[in-house]
There are 2 protein chains.
Amino acid sequence: MKLSTRGRYGVKAMFELALHHGGTPVSIKEIAERQNISEYYLEQLFSNLRKAGLVKSIRGAQGGYVLSRPPEEITIADIFNVLEGPIEVSDCITQEMNCSRINYCATRLLWLKISNSINDILNSTTLQDVVNDYNNLQEKTKGKEE
Amino acid sequence: MKLSTRGRYGVKAMFELALHHGGTPVSIKEIAERQNISEYYLEQLFSNLRKAGLVKSIRGAQGGYVLSRPPEEITIADIFNVLEGPIEVSDCITQEMNCSRINYCATRLLWLKISNSINDILNSTTLQDVVNDYNNLQEKTKGKEE
DNA sequence: ACATATCCGAGTAAAATTGTCAATTTTATA
DNA sequence: TATAAAATTGACAATTTTACTCGGATATGT
Ligand code: FES
Ligand code: FES
């Protein structure tokens with residue numbers, strides 16, 4: 001079980017926007033360089049993010065992207081839902097309606113537990129939390145080096 | 001993020017062995033029929049499970065597979081480690097040693113949180129737990145039907 | 001005008017997933 | 001001992017997913 005690059009790149013890209021929130025728009029090129037991600041690939045991801053209403057675009061020179069909402073109102077789940085689709089540990093959970101074995105399925109509860117615990121984290125973690133974690137990390141690193 | 005069939009089939013198959021623990025060996029054919037899984041595909045999975053020491057095989061007629069250890073001593077993590085490999089949410093976690101950005105990586109803590117919560121569940125859930133869940137489900141279903 | 005950007009759709013190579021199958025070996029039992 | 005049941009092994013193959021790449025169109029600040 002592994003996250004695809006879509007989800008991981010997406011969070012990293014959104015993190016960059018969160019860092020610059022309130023300032024000037026950030027271009028795909030900048031993000032690609034800072035996070036070491038393919039520029040063309042990022043285009044696709046941002047296309048999805050924009051259509052989902054998570055980011056706004058400013059076209060033309062000096063343009064780029066900005067967050068549609070403040071970082072504390074965007075969860076990791078929001079991003080994952082757009083780029084990875086919902087977390088489907090097993091179709092025992094999502095297709096429950098038309099499965100004839102649901103009353104005899106031994107493993108459904110297990111998948112449900114896993115699924116819920118992941119979703120809890122994704123729903124409760126916002127971009128602001130990631131920014132805060134990052135700032136704390138920077139503080140600590142700085143302290144150690146001096 | 002989705003589990004592959006290897007992990008899901010594997011747990012279902014091991015659940016069947018857990019149900020019959022202490023009794024006669026269960027053949028691949030039986031499991032394939034009861035859980036509606038390809039017989040040939042299961043062959044591969046059991047080959048891995050046996051090499052990992054989770055099951056013992058009895059060859060020849062009336063043979064099949066049995067659990068190597070009692071169901072309460074086999075965790076879902078044991079099964080997943082064999083069939084899916086370890087849960088690697090992101091290589092930020094597993095390749096931490098040789099990543100030069102580790103002190104600047106904004107998202108590492110996030111992947112770590114997700115990864116830990118999944119592993120907590122997988123490590124703390126045993127085959128016996130799944131059997132118990134199944135028995136409880138049967139009780140409830142029976143109650144409703146009467 | 002021109003350099004920067006986003007926007008959009010298509011294509012593509014490699015990898016992973018999900019099986020299928022044939023041939024061999026082992027063993028209980030009739 | 002003959003037979004059938006069952007594991008063991010290794011190879012192969014179809015399909016899907018992933019992770020990009022690219023070409024051109026459109027928009028806009030300077
Ligand atoms: S709910 Fe259908 S197999 Fe689990
Ligand atoms: S630890 Fe290397 S990019 Fe996250």
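Sequence lines set the chain letters: A, B, ... in the order given, protein chains first and strands last, and positions in each chain run from 1. Basis for what follows: all heavy atoms, side chains included, without hydrogens, waters or symmetry-related copies. Source: prediction; values computed, not measured.
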*Asks:* For B:Tyr40, what are the other residues in its hydrophobic cluster, where any two members join if their side-chain heavy atoms are less than 4.5 angstrom apart?
*Replies:* none
*Asks:* Can you run down the salt bridge (charged side-chain N to carboxylate O under 4.0 Å, His left out) pairs that involve residues 14-40 of chain B, sequence neighbours left out, and say none if there aren't any?
*Replies:* B:Glu16-B:Arg34
*Asks:* State which residues pass side chain to side chain contact (heavy atoms under 4.5 Å, CB included) with B:Asn123; sequence neighbours excluded, sorted by chain then number.
*Replies:* B:Ala77, B:Asn119
*Asks:* Show every ring pair (Phe, Tyr, Trp, His ring centres under 6.0 Å) that has at least one partner inside residues 108-127 of chain B, sequence neighbours left out.
*Replies:* none
*Asks:* Specify the separation, in whole Å, of atom CD1 of A:Ile37 and atom C1' of D:dT21.
*Replies:* 16 Å
*Asks:* Classify every nucleotide of nucleotides 7-22 of chain C by which part a protein heavy atom approaches to under 4.0 Å, writing B for the base, S for the sugar-phosphate alone and - for neither, in 5'-to-3' order.
*Replies:* BB-B-------BBBBB
*Asks:* Scan residues 112-138 of chain B for pairs that pass ring pair (Phe, Tyr, Trp, His ring centres under 6.0 Å), counting only residues two or more places apart or in two chains.
*Replies:* B:Phe15-B:Tyr134
*Asks:* Tell me, which pairs form a salt bridge (charged side-chain N to carboxylate O under 4.0 Å, His left out) where one or both residues lie in residues 113-138 of chain B, sequence neighbours left out?
*Replies:* none
*Asks:* Which pairs would a plain distance check flag for residues 54-71 of chain A, meaning a side-chain donor or acceptor within less than 3.5 Å of a matching protein atom at least two apart in sequence or in another chain?
*Replies:*
unit_1: A:Ser68; atom_1: OG; unit_2: A:Gly53; atom_2: O; d: 3.1
unit_1: A:Ser68; atom_1: OG; unit_2: A:Leu54; atom_2: O; d: 3.3
unit_1: A:Ser68; atom_1: OG; unit_2: A:Val55; atom_2: N; d: 3.2
unit_1: A:Ser68; atom_1: OG; unit_2: A:Val55; atom_2: O; d: 3.4
unit_1: A:Arg69; atom_1: NE; unit_2: A:Glu73; atom_2: O; d: 3.2
unit_1: A:Arg69; atom_1: NH2; unit_2: A:Glu73; atom_2: O; d: 3.2
unit_1: A:Arg69; atom_1: NH2; unit_2: A:Asp78; atom_2: OD2; d: 3.2

*Asks:* Between B:Val131 and B:Ala18, what is the shortest heavy-atom contact and its length?
*Replies:* CG2-CB, 3.7 Å
*Asks:* Run the side chain to side chain contact (heavy atoms under 4.5 Å, CB included) test against B:Thr24 and tell me which residues pass, sequence neighbours left out.
*Replies:* none
*Asks:* Rounded to whole Å, please give me the gap between NZ in A:Lys29 and P in C:dT6.
*Replies:* 10 Å
*Asks:* Under 4.0 Å, heavy atom to any atom of DNA chain C: which of residues 19-26 of chain A qualify?
*Replies:* none
*Asks:* A:Ile37: which residues meet the side chain to side chain contact (heavy atoms under 4.5 Å, CB included) condition with it, sequence neighbours left out?
*Replies:* A:Tyr9, A:Gln35, A:Leu42
*Asks:* Can you tell me the distance, in whole Å, between the NZ atom of A:Lys56 and the P atom of D:dA27?
*Replies:* 20 Å
*Asks:* Enumerate the protein-to-nucleotides 15-17 of chain D contacts in which both atoms are nitrogen or oxygen and the separation is below 3.5 Å.
*Replies:*
none

